[in-house]
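Worksheet: the structure to be examined is printed underneath.
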There are 2 protein chains.
Amino acid sequence: MGTATIRDVAKQARVSLKTVSRVINREGSVRDETRERVLRAIEQLGYRPDLSARSLRSAKAYAIGLVYDNPNPYYIIAVQQGALAACREMGFGLQIHPCNSRAPKLAEELRDLVHRSRLAGLVLAPPMSERMGLLRELAAYDIPLVRIISAAEDPRDGFPCVFVDDRDAAYAITAYLIQLGHVRIGFLWGGKQHRSSPERYKGYEKALHDYGVPMSEELVLEGDYSFDDGFRGARRLLGLAEPPTAIFGSNDEIAAGVLAAARAAGLHVPYDLSVAGFEDSPFSRHSWPSLTTSRQRTEVIAEHATRLLIAEIHGDDVKNEGFSPELVVRGSTAPPRPRP
Amino acid sequence: MGTATIRDVAKQARVSLKTVSRVINREGSVRDETRERVLRAIEQLGYRPDLSARSLRSAKAYAIGLVYDNPNPYYIIAVQQGALAACREMGFGLQIHPCNSRAPKLAEELRDLVHRSRLAGLVLAPPMSERMGLLRELAAYDIPLVRIISAAEDPRDGFPCVFVDDRDAAYAITAYLIQLGHVRIGFLWGGKQHRSSPERYKGYEKALHDYGVPMSEELVLEGDYSFDDGFRGARRLLGLAEPPTAIFGSNDEIAAGVLAAARAAGLHVPYDLSVAGFEDSPFSRHSWPSLTTSRQRTEVIAEHATRLLIAEIHGDDVKNEGFSPELVVRGSTAPPRPRP
DNA sequence: ATGCAAATTGACAACGTTGTCATGCATGAC
DNA sequence: GTCATGCATGACAACGTTGTCAATTTGCAT
């Protein structure tokens with residue numbers, strides 16, 4: 001028994017190929033009795049339409065691509081799951097495409113991907129989603145796309161997107177630390193190629209400003225969303241003449257590095273030092289103490305982005321959507337120890 | 001400019017469709033000068049063969065499926081990367097297919113997937129890879145497959161696989177703990193639907209036996225590869241009249257739960273309690289103290305499995321391959337504190 | 001019954017590619 | 001010069017599906 005084709009179904013149901021096609025595609029104009037017969041034949045033969053043939057003939061595509069270059073497995077898995085959920089619901093396939101965001105001919109690479117695999121469009125995750133040059137090139141190739149980006153508000157730049165308000169979320173974390181009584185709050189940057197990094201920094205800066213907390217250059221260090229940068233950064237901050245009483249790492253991995261550095265310096269978190277992360281990764285729940293952080297519902301965001309893309313493909317006009325991460329208070333933050 | 005087709009290339013190079021096809025597929029029997037001309041046309045037009053049309057016509061498939069149901073993002077991302085590396089090298093596409101391993105009609109679901117998407121075969125990750133019933137059903141459907149499984153030796157059951165010797169690795173960890181001087185070593189099981197769980201348990205048991213360490217039922221608890229189970233299990237073990245001096249969690253997530261429980265009980269790891277995990281996840285590197293664990297080169301294993309599948313598809317006869325994880329000693333293990 | 005619009009159905013071509021087979025041409029042995 | 005040989009090339013069909021359009025049937029008002 002090879003695979004049943006539409007031809008086998010047609011023969012079994014004693015109708016033409018086209019009628020079977022109509023039933024499959026819910027085109028209407030098929031008598032109930034005929035439809036029944038066809039459906040029964042499909043059932044009996046275990047027939048499933050061949051996606052290659054289908055998209056070849058109809059010039060429609062039944063799969064979309066998910067493009068990312070992000071070393072964070074938790075983030076990527078969540079994005080994949082969200083995208084898959086939307087795809088399955090809408091009858092689309094999903095082609096994952098991890099890539100190097102610094103690749104010189106990324107636009108060509110993606111165009112080839114889209115053409116070769118007949119993709120209907122692309123969902124772009126950060127940092128690809130934030131390269132205007134790339135977006136314009138893809139647009140020039142007429143490739144439908146949706147971005148997941150970091151932005152405080154709808155960019156209204158013509159490229160559909162789902163935007164996550166990292167700035168606001170970082171503001172909330174910083175404000176929370178200030179309300180606990182901290183005035184010397186260290187900030188460790190994420191990677192510069194991610195738009196989320198300056199956004200998070202801006203949130204930090206704005207909270208300090210709004211609450212009248214003096215800004216201190218020496219408390220802000222660059223980095224790259226990595227454990228090691230968190231460790232090194234924290235060590236440097238803790239070695240200052242007047243060290244911070246709290247450190248805000250731009251993501252949970254940085255915060256993990258901060259926890260380790262604090263430990264190595266013999267400090268007790270949160271009594272000697274408060275630590276906050278960003279992301280609500282499993283690490284933040286499983287570390288000791290567990291991390292105060294910011295929860296972004298990545299899966300929901302990705303699912304929404306995918307739905308948006310599919311709507312765009314169907315020609316509906318789509319409205320960008322914003323999401324705000326939510327403060328999650330756990331055990332790594334406390335009021336500062338009174339100065340001796 | 002729409003997408004260039006083979007027809008455009010043929011026209012531009014002033015040859016027939018078939019000749020272009022021959023050049024693309026390296027079929028030989030094309031004069032160098034002609035080939036040059038065709039390649040130049042391909043280059044100029046940015047032509048890329050359409051995978052749908054290609055596989056439709058040739059009845060060959062140019063993509064394989066990766067099937068998993070595993071809640072561990074680090075593991076899955078590593079598997080994906082390994083599989084993708086092999087696929088890209090061999091010119092195949094990769095279709096990911098997360099699924100529910102308990103789904104009642106999984107075999108049918110996978111068959112439909114293979115047929116609809118014209119997949120050349122499947123790479124099965126645990127626990128799907130360890131369901132003999134499922135394997136037999138898929139074999140009955142003539143679906144080529146390769147498994148990634150947990151086994152101490154080549155199962156020689158006719159289904160090609162890459163096997164990972166969890167037993168040996170668990171033996172190494174347990175032996176290491178014994179050599180440090182531990183004689184009461186707790187063991188927390190992983191999920192029963194994963195073959196790796198009993199394998200790891202057997203390694204633990206065998207090490208105790210080989211070193212003449214008495215086995216104690218009360219030190220062994222069931223669980224499910226989760227942080228919470230690790231936490232609960234450790235709490236129970238630490239509440240025993242004669243608690244263990246070391247706890248071996250069947251994976252890093254369990255071990256993370258153990259670390260948290262130890263912390264909650266006011267114990268210092270590793271001085272009051274040694275903890276070992278399994279997996280070498282980033283958590284094990286980033287926790288404090290960092291975890292003694294077992295490193296399985298998941299990416300390499302998955303890449304190898306994928307290569308095996310592709311060889312199988314090409315009709316080569318394939319030889320199963322075994323991998324042994326490697327002990328990674330970090331800060332969570334130390335000699336037991338002398339009994340007071 | 002009759003006519004006519006609407007609903008239902010089918011024949012055929014086409015999507016972009018490769019497999020099969022036939023053809024043309026140069027090469028070298030006789 | 002003739003013939004087999006093999007290489008290089010092309011014409012055409014086919015893969016499984018859907019779009020187009022025409023043919024047929026149905027339903028309904030007359």
Side-chain angles (χ1 to χ4, degrees), chain A residues 1-39 41-42 45-63 91 93 112 114-120, chain B residues 1-39 41-42 45-63 91 93 112 114-120:
Chain A
M1 172 203 78
T3 310
T5 77
I6 202 174
R7 181 168 268 107
D8 304 318
V9 175
K11 197 173 295 174
Q12 170 115 354
R14 278 165 304 129
V15 295
S16 71
L17 299 185
K18 183 61 205 184
T19 300
V20 178
S21 173
R22 271 190 271 258
V23 171
I24 297 166
N25 295 294
R26 296 190 175 71
E27 278 181 31
S29 273
V30 178
R31 253 196 315 197
D32 286 351
E33 184 226 315
T34 314
R35 188 198 329 282
E36 285 301 323
R37 206 142 33 93
V38 171
L39 288 175
I42 288 177
L45 298 170
Y47 166 77
R48 292 294 178 277
D50 181 308
L51 295 181
S52 294
R54 207 218 273 268
S55 76
L56 175 60
R57 179 56 180 111
S58 65
K60 285 178 207 149
Y62 295 92
D112 287 356
V114 168
H115 286 168
R116 291 174 59 100
S117 299
R118 291 186 167 260
L119 301 182
Chain B
M1 176 202 78
T3 309
T5 77
I6 202 173
R7 180 167 268 105
D8 304 318
V9 176
K11 197 172 294 175
Q12 169 115 353
R14 278 165 304 130
V15 294
S16 71
L17 299 185
K18 184 61 204 185
T19 300
V20 178
S21 173
R22 271 189 270 260
V23 171
I24 296 167
N25 296 291
R26 295 189 175 72
E27 278 181 31
S29 276
V30 178
R31 252 195 317 197
D32 286 351
E33 185 226 314
T34 315
R35 188 195 333 280
E36 285 302 321
R37 206 144 30 95
V38 172
L39 289 175
I42 288 176
L45 298 170
Y47 165 76
R48 291 293 178 279
D50 180 307
L51 295 181
S52 293
R54 207 217 274 267
S55 75
L56 175 60
R57 179 57 180 109
S58 65
K60 286 178 207 148
Y62 295 92
D112 286 356
V114 167
H115 285 168
R116 289 175 61 99
S117 299
R118 290 186 169 259
L119 301 182

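Chain A is the first sequence line, chain B the second, and so forth, proteins listed ahead of strands; every chain is numbered from 1.
- In this structure, the side chain of R37(B) engages the main chain of A13(B) through a donor-acceptor pair within 3.5 Å.
- Atom CZ of R7(B) and atom C1' of dC15(C) are 10 Å apart (whole Å).
- Atom-to-atom, CG of D50(B) to C1' of dC15(C) comes out at 9 Å; the value is rounded to the nearest Å.
- For the atom pair L56(B) CG and R54(A) CZ, the distance stands at 13.5 Å (nearest 0.5 Å).
- For the pair D32(B) CG and dA8(D) C1', the computed distance is 12 Å after rounding to whole Å.
- Of the side-chain N and O atoms in T34(A), one or more sit less than 4.0 angstrom from OP1 or OP2 of dT9(C).
- Rounded to a whole Å, the CG atom of L56(A) is 10 Å from the C1' atom of dT18(D).
- Using a 4.0 Å heavy-atom distance criterion, R118(A) is classed as a sugar-phosphate-only contact.
- Residues passing the side-chain hydrogen bond (donor to acceptor under 3.5 Å, both in side chains) test with S16(A), sequence neighbours excluded: T19(A).
- When all heavy atoms of K60(B) and S55(B) are compared, the closest pair comes out as O-CB, 3.0 Å.
- Among dT17(D), dA11(C), dT9(D), the nucleotide with an atom closest to any side-chain atom of K18(A) is dA11(C).
- Counting atom types as modelled, R22(B) pairs a side-chain N or O with a base atom of dG10(D) as donor and acceptor under 3.5 Å.
- Following rounding to the nearest Å, N25(B) (CG) and dG19(C) (P) show an atom-to-atom distance of 7 Å.
- Between I42(B) and I24(B) the shortest heavy-atom distance is CD1-CG1, 4.2 Å.
- Atom CZ of R57(A) and atom P of dG16(C) are 10 Å apart (whole Å).
- Residue side chain R54(A) does not reach the base of dT17(D) through any donor-acceptor N/O pair under 3.5 Å, judged by distance alone.
- At a threshold of 4.0 angstrom between heavy atoms, the contacts of Y62(B) with the nucleic acid are absent.
- When rounded to the nearest whole Å, the span between CD of E36(B) and P of dA8(D) equals 14 Å.
- Among the protein residues, E27(A) comes within range of the sugar-phosphate backbone only, with heavy atoms under 4.0 Å from sugar or phosphate atoms but none that close to a base.
- For T19(A), counting side-chain heavy atoms from C-beta on, the closest listed nucleotide (dT9(C), dT17(D), dG16(D)) is dT9(C).
- OP1 and OP2 of dG16(C) both lie 4.0 Å or more from every side-chain N or O belonging to T5(B).
- The only member of L39(B), V23(B), V20(B) that meets side chain to side chain contact (heavy atoms under 4.5 Å, CB included) when paired with V9(B) is V20(B).
- Residue S29(A) is classed as a base contact, given a heavy-atom separation below 4.0 Å to a base.
- As rounded to whole Å, 9 Å separates atom P of dG16(C) from atom CG of D8(B).
- Applying the 3.5 Å distance criterion, the base of dA8(D) shares no donor-acceptor pair with the side chain of R31(B).
- The side chain of S58(A) contributes no N or O atom lying less than 4.0 Å from OP1 or OP2 of dT18(D).
- Taking only side-chain nitrogens and oxygens, K60(A) never comes nearer than 4.0 Å to OP1 or OP2 of dC15(C).
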